[in-house]
Amino acid sequence: MSTVLTMAMPKGRIFEEAVDLLRQAGYPLPPEFDESRKLIIDAPEAGLRFILAKPMDVPTYVEHGVADIGIAGKDVMLEEERDVYEVLDLKISECYLAVAGLPNGHDQRVAPKIASKYPNVASHYFREQGQQVEVIKLNGSIELAPLIGLADRIVDIVSTGRTLKENGLVELEKIAEITSRLIVNPASYRLHAARINDLVERLRTLVESKEEGQ
Ligand code: PRP
C-alpha cells in the first residue's frame, strides 16, 4: 500500500476553495468535508489524511512534520517564517495586506500605534520605511482598533474592502499581494518525493489550466 500523506488544511475562508481545488485535481474527498466538525478526516481513496487547523497554525504543523504538506496563505507565511518549502502558488483566496486608518487621521505620536494580527509583518514593513511605530497584536476584528482609539492605523487583510468601508476606514498603503500556497515539510519531501511530486504536479496543471481559461 502506498503512503498516506497528511495535509494540514486551514479552517475558515480558504477551506472551501482548497477543498474544491483538491477535488478538481482528482482527489476524491468524503462528504464529511462539507459539514463535519471533525478535526482529523481520513480520505483513504485519495491517499490523504487531513488535519483541520487554524490558518495561522498550518506552517507550525508542517514544520514539525506532523503534517507532510499544508495549505497556507502567503500572509501567514510572511508572518510565521517557518522552516518549510513553499512549492506552489495555488492562486486561490486572493487578497492583499494593507495599512489602513481613519480618513484624514493625523498621527500625533512620535511612534504611531499599529494594530495587527501580523505583528512581524507590520514591524518589518515600518522598519523598512524608516518609521518608528508601536505594534499592538490583536487576534481579530482589527478594524475596531482605530475606531475606539486603541491604535492610529492597522495592518490587515483586505479582500472585498467591505470591512474597511463599512467601518469608515480607508486604505493607505498596499503591503503585499496574498494568495494561498502549498507548503511541504523538507524531510517529508525527501521521504515521499514521488507522492508529493505527483500531488504538486496535479495541482500545478490544474492551476495553470485555470489561468489559461481566464
Ligand atoms: C478578515 C480581515 C478583514 C476582513 C477583510 O477578517 O482581517 O477584517 O477579513 O475582508 P473584506 O475586505 O472582504 O471585508 P476575518 O473575517 O478573517 O475575521 P477576523 O476579524 O477575525 O480576522
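Counting starts at 1 for both ligands and their atoms, in listed order. Numbering of residues begins at 1 and proceeds along the displayed sequence. In this text, all values refer to a predicted model and were calculated from it rather than measured experimentally.
Within the 3.5 Å criterion, the main-chain N or O of Arg49 finds no donor-acceptor partner in the side chain of Asp42. Ser36 contributes a side-chain N or O that, together with a main-chain N or O of Lys38, makes up a donor-acceptor pair within less than 3.5 Å.
Counting only heavy atoms from C-beta outward, the side chains of Arg181 and Leu90 never approach each other to under 4.5 Å. Tyr118 places none of its side-chain heavy atoms less than 4.5 Å from the side chain of Lys137.
With hydrogens and angles left out, the side-chain atoms of Glu17 and Ser93 include a donor and acceptor closer than 3.5 Å. Side-chain atoms of Tyr85 and Asn185 include no donor-acceptor pair closer than 3.5 Å.
Regarding atom 21 (O) of ligand 1, its nearest protein heavy-atom neighbour is Gly140 CA, 3.6 Å. Nearest protein heavy-atom neighbour of atom 22 (O) of ligand 1: Lys117 NZ, 2.5 Å. Looking only at heavy atoms of the protein, atom 5 (C) of ligand 1 is closest to Ile157 O, 3.4 Å. At the top of the distance list for atom 13 (O) of ligand 1, counting protein heavy atoms only, stands Thr160 OG1, 2.5 Å. For atom 20 (O) of ligand 1, the closest non-hydrogen atom on the protein side is Ser141 N, 2.8 Å. Ranking the protein heavy atoms by distance from atom 1 (C) of ligand 1 puts Arg13 NH2, 3.6 Å first.
Of the heavy atoms in Thr163, both backbone and side-chain atoms come closer than 4.0 Å to ligand 1.
Of all atoms in ligand 1, numbered sequentially from 1 with element shown, those under 4.0 Å from a heavy atom of Asp156 are 2 (C), 3 (C), 7 (O), 8 (O). When each atom of ligand 1 is checked for a heavy atom of Glu143 under 4.0 Å away, the hits are 3 (C), 8 (O). Atoms of ligand 1 lying under 4.0 Å from any heavy atom of Gly161, numbered from 1 in the order shown and given with element: 11 (P), 12 (O), 13 (O).
Atom CD1 of residue Ile69 and atom NE2 of residue His192 lie 10.0 Å apart, to the nearest 0.5 angstrom.
Protein heavy atoms come within 4.0 Å of atom 11 (P) of ligand 1.
Classification of Glu16 and Arg13 as a salt-bridged pair fails, no side-chain N sitting under 4.0 Å from a carboxylate O.
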